[in-house]
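A quick write-up on the structure given underneath.
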Amino acid sequence: MIMWIKGLPRIFSVGERLTLIPADSTAGRALVTVIAIMTFLATLTGGSAILVREASRDWSATAAREMTIQIKPVSGRNAEGDGKKIAQALQDIPGIEDARLFSREESARLLEPWLGSGVDLGELPVPTLVVVKLQSASPSTLTTLKDRVRQISPAAVVDDHRGWVQRLERMTGALVIVALMVLGLVLTAMGLAIAFATRGAMAGSREIVSVLHFVGASDHFIAREFQRHFLRLGLRGAAFGGLASIIIFLLSGWLTSRWSADPAGEQIEALFGQFNLGGSGFLTIGFIAAMMAMLTGHISRKVVYRQLRRVG
Amino acid sequence: MCGDAFLVRFENVGLRYGSGDEVLTDLSFAIARNSFQFLTGPSGAGKTTLMRLILMSLKPTRGLITLFDRDTTTIAKDEITAIRRRIGVVFQDFRLLDHLTTYENVALPLFVQGREERSYRAEVTELLKWVGLGQKIGAYPPILSGGEKQRAAIARALIVRPELLLADEPTGNVDPSLARRLLRLFVELHKSGTSIVIATHDLGLMDQFDSARRLVLGEGRLHVYD
Ligand SMILES: Nc1ncnc2c1ncn2[C@@H]1O[C@H](COP(=O)(O)OP(=O)(O)OP(=O)(O)O)[C@@H](O)[C@H]1O
Ligand SMILES: [Mg+2]
């Protein structure tokens with residue numbers, strides 16, 4: 001009688017679907033853990049790749065809008081005078097926001113970490129610097145600028161940071177490729193783990209599968225049941241893993257924003273940007289996690305279907 | 001689809017398990033549409049084996065089996081599924097799923113066909129009441145008695161209104177009066193057009209319906225008494 005009452009909600013609850021593959025607790029939990037770890041690694045990798053790419057985009061945008069002109073000290077010429085003239089001349093070129101001579105003192109401060117304080121730069125062959133800020137790095141502005149500089153001083157070298165930007169881009173490109181490779185490896189490992197788990201679950205459910213066959217279930221139907229079962233495990237694992245990495249990113253964002261109060265933090269921030277993943281980053285994490293869950297269901301269905309075909 | 005008068009036809013069928021002796025030798029017989037037969041013979045004679053051949057869970061080592069006009073040696077998987085939906089089976093060891101309630105076990109053949117629960121709920125409860133399991137609807141098989149499991153297994157076989165019903169010792173675990181009731185159930189089903197094969201060595205049961213055809217297995221061979 002009590003059993004019957006207990007059974008009631010299961011019989012008459014609408015919308016709740018039978019679970020034909022019983023949730024085998026130990027193996028299921030192990031798989032959820034594996035999927036959680038894999039999702040954590042995958043989303044961490046993906047998120048970091050996005051962070052690096054965004055930071056490098058910031059750097060190169062800033063770098064591309066800046067130029068330095070070096071005037072090397074050549075005997076018979078007044079480098080500082082040339083610098084002044086150049087800075088003056090460049091102000092008038094359209095597209096240039098600002099051109100400024102780096103004073104001796106500023107250069108000295110720049111070199112202080114290497115040379116120590118109180119060094120008289122006049123005794124050293126240190127080039128004079130003019131820092132140019134561009135409104136836009138249009139080619140015509142650049143050619144006009146280069147022509148003007150060459151007219152004033154043949155010893156001046158224009159560095160438009162292009163080489164540096166290119167190297168930066170190549171490096172972040174390489175980092176993104178590495179991230180994709182790690183992602184690929186993680187996915188492969190997870191695929192294998194799921195395939196093994198599915199086979200294990202099938203072996204454990206052999207009796208169920210055979211009964212299902214006898215009562216007229218198609219392979220298709222049985223494969224879908226397994227898919228449903230594993231999708232549920234996948235969703236759970238992916239949710240854990242995705243949440244963990246979201247927490248990591250939020251935490252590191254919060255920590256770096258606290259650090260940036262002190263000078264070391266400022267340097268970190270200058271290097272890596274704010275550790276803020278931003279909406280699109282978190283969306284990507286959600287997307288990767290959802291992919292992992294779907295992949296779990298998909299792979300298990302494929303494996304079941306193939307096994308059933310083989311058994312005949 | 002089935003114009004033939006026969007649902008099952010065996011021609012010179014032999015079967016051996018692995019490399020052992022032939023359990024069944026040179027079986028030739030047919031099961032007609034809307035027929036009733038007992039399959040009998042001593043324990044180990046091969047009754048269950050014969051049923052497994054009909055269910056295509058075993059392949060004959062030689063000979064030809066035709067099911068619903070289809071040669072089983074060339075049959076495709078989808079067709080096997082379709083044919084199994086026309087056959088109801090009561091296994092000797094029941095083979096209920098332990099993690100499903102009695103209700104869910106009985107509804108399983110309809111569920112795997114993708115039918116909506118609403119469409120069969122009343123039918124399943126009705127049948128369960130009929131076999132005397134109205135109070136056990138929500139119970140799980142491990143706590144059912146042998147006879148209750150047997151009735152659940154029978155209900156699961158009947159729920160699809162099969163064209164062919166294979167019942168392996170369907171009264172082996174019930175008292176004589178319930179056995180009589182179950183037999184009446186099978187006879188009713190037969191009258192409504194289902195072909196019935198009941199494997200049993202219960203002579204008393206067979207005597208209650210002595211106009212039925214008898215297929216007797218002994219030493220690997222089949223003798224038919226019409
Ligand atoms: N899977 C198997 N592998 C090997 N031998 C088997 C297998 N199944 C059955 N046998 C043998 O085949 C013979 C027939 O078995 P089967 O189960 O068909 O007999 P039965 O007539 O159903 O017996 P019972 O009345 O006891 O149920 C027996 O000798 C049995 O040992
Ligand atoms: Mg048997």
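Residue numbering restarts at 1 for every chain, and letters A, B, ... go by the order of the sequence lines.
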(request) Can you tell which part of B:L97 gets under 4.5 Å to a heavy atom of chain A, answering side chain, backbone, both or neither? (result) side chain
(message) Working to the nearest 0.5 angstrom, can you tell me the gap between A:F214 CZ and B:R85 CZ?
(response) 15.0 Å
(message) Nearest 0.5 angstrom please: A:F221 CZ to B:T81 OG1, how far?
(response) 11.5 Å
Are the side chains of [Y] and [X] in contact, using a 4.5 Å heavy-atom criterion?
X      : Y      : answer
A:L20  : B:L100 : yes
B:R156 : A:V215 : yes
A:H220 : B:D78  : no

Tell me whether [X] at atom [atom1] has more than 12 heavy atoms from other residues, nucleotides or ligands lying less than 6.0 Å away.
X      : atom1 : value
B:H190 : NE2   : yes
A:Y305 : OH    : yes
B:R115 : CZ    : yes
B:M56  : CE    : yes
A:E207 : CD    : yes
B:Y17  : OH    : yes

(message) Looking at every heavy atom in both A:V211 and B:R95, which two are closest together, and how far apart are they?
(response) CG2-O, 3.6 Å
(request) Looking only at non-hydrogen atoms, find the nearest pair between B:H99 and A:I21 and report the distance. (result) NE2-N, 4.4 Å
(request) Take B:K77 and A:H213 through the side-chain contact (heavy atoms from CB on, under 4.5 Å) test and state the conclusion after the steps. (result) CA-CA 11 Å; B:K77 269 215 115 175; A:H213 270 146; 4.2 Å; yes
(request) Test side-chain contact (heavy atoms from CB on, under 4.5 Å) on A:I222 and B:V112 and set out the steps. (result) CA-CA 9 Å; A:I222 295 172; B:V112 302; over 6 Å; no
